[in-house]
Structure formats: structure tokens, C-alpha cells
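The structure displayed is predicted, hence computed values, not measured ones. Starting from 1, each residue takes its place in the sequence as its number.
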Amino acid sequence: LIASATAFTAPKVEVPSAVKAAIAGAAVTAGVAVSPAFAGDVGAGEQVFNANCAACHAGGQNVIMPEKTLEKEALESYLAGGRNEKAVMTQVTNGKNAMPAF
């Protein structure tokens with residue numbers, strides 16, 4: 001997950017509401033069908049991100065809660081403990097609000 005640095009620096013993309021709804025529905029469906037990921041497997045970070053996170057966080061954005069992107073400033077403000085590996089691993093492992101645990 002940490003190795004996928006492009007998710008932290010991607011340009012902002014506007015996603016139409018209809019697409020957001022479709023992606024959210026697909027994410028719920030995929031959440032049931034996707035095999036478990038291992039957040040500590042840095043070597044497979046991109047694969048883990050694509051399989052478990054990209055449905056909601058495509059391009060480093062957030063289709064469910066637009067203000068909670070994967071951009072550095074946003075992560076620093078809303079991750080418990082700020083933007084660091086431990087905070088990211090905790091969020092991914094435990095989930096929070098609409099974000100499921102992986």
C-alpha cells in the first residue's frame with residue numbers, strides 16, 4: 001500500500017455523480033468477492049491497492065467522501081496520528097466509517 005506512491009500524488013479528477021454511485025455499488029459487490037489483502041506486503045502494494053482500494057480511491061481521490069482523498073495534506077489532517085506508515089496501516093487494517101477493513 002505504501003509503495004503505491006502514485007495514489008498520493010495523482011491530479012484531482014472530477015467524477016460525475018452517476019459514476020460515483022456505480023463505483024460505490026461495485027465496491028460493495030467487490031468487497032464480498034475480493035480475496036483478503038495483506039496491507040504489510042509492500043512488494044505487492046500496487047496489486048493490493050488495485051484489488052481493494054481503487055474502486056473508491058481511483059486517481060488518489062475518494063468517490064464516497066470527496067474531502068478525504070489520498071493527497072498528502074488530506075491524509076495529514078484526517079488520519080489518526082497524521083500521514084505515516086503506521087497510521088495508514090491502522091486505517092487499512094481496521095477500516096473506518098464507510099471504508100471497510102482489508
- Message: Quick one, Asn62 with Met65, criterion side-chain contact (heavy atoms from CB on, under 4.5 Å). Give me CA distance, side-chain angles, the key distance, then yes/no.
- Response: CA-CA 6 Å; Asn62 186 327; Met65 300 179 78; 4.0 Å; yes
Verdict with reasoning, Phe49 to Leu70, per side-chain contact (heavy atoms from CB on, under 4.5 Å): CA-CA 12 Å; Phe49 181 87; Leu70 299 182; 3.6 Å; yes
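For Lys86, the side chain to side chain contact (heavy atoms under 4.5 Å, CB included) partners two or more places apart in sequence, or in a different chain, are Asn84, Thr90.
Residues Ala87 and Ala80 approach most closely at CB-O, 3.3 Å, considering heavy atoms. Between Ile64 and Ala98, the shortest heavy-atom distance links the atoms CG2-CB, 4.0 Å.
Between atom OG of residue Ser77 and atom CD of residue Glu71 there is a gap of 10.5 Å, rounded to the nearest 0.5 Å. To the nearest 0.5 Å, the span separating CG on Leu79 from CE on Met89 amounts to 13.0 Å.
For the pair Met99 and Lys68, the minimum side-chain heavy-atom distance is 4.5 Å or more.
Residue Gln47 places its CD atom among 12 or fewer non-hydrogen atoms of other residues, nucleotides or ligands, all under 6.0 Å distant.
The backbone N or O of Gly82 lies less than 3.5 Å from no partner atom in the side chain of Glu76, so there is not a single donor-acceptor pair. Judged by distance alone, with hydrogens and angles left aside, the side-chain atoms of Tyr78 form a donor-acceptor pair with the main-chain N or O of Thr69 at under 3.5 Å.
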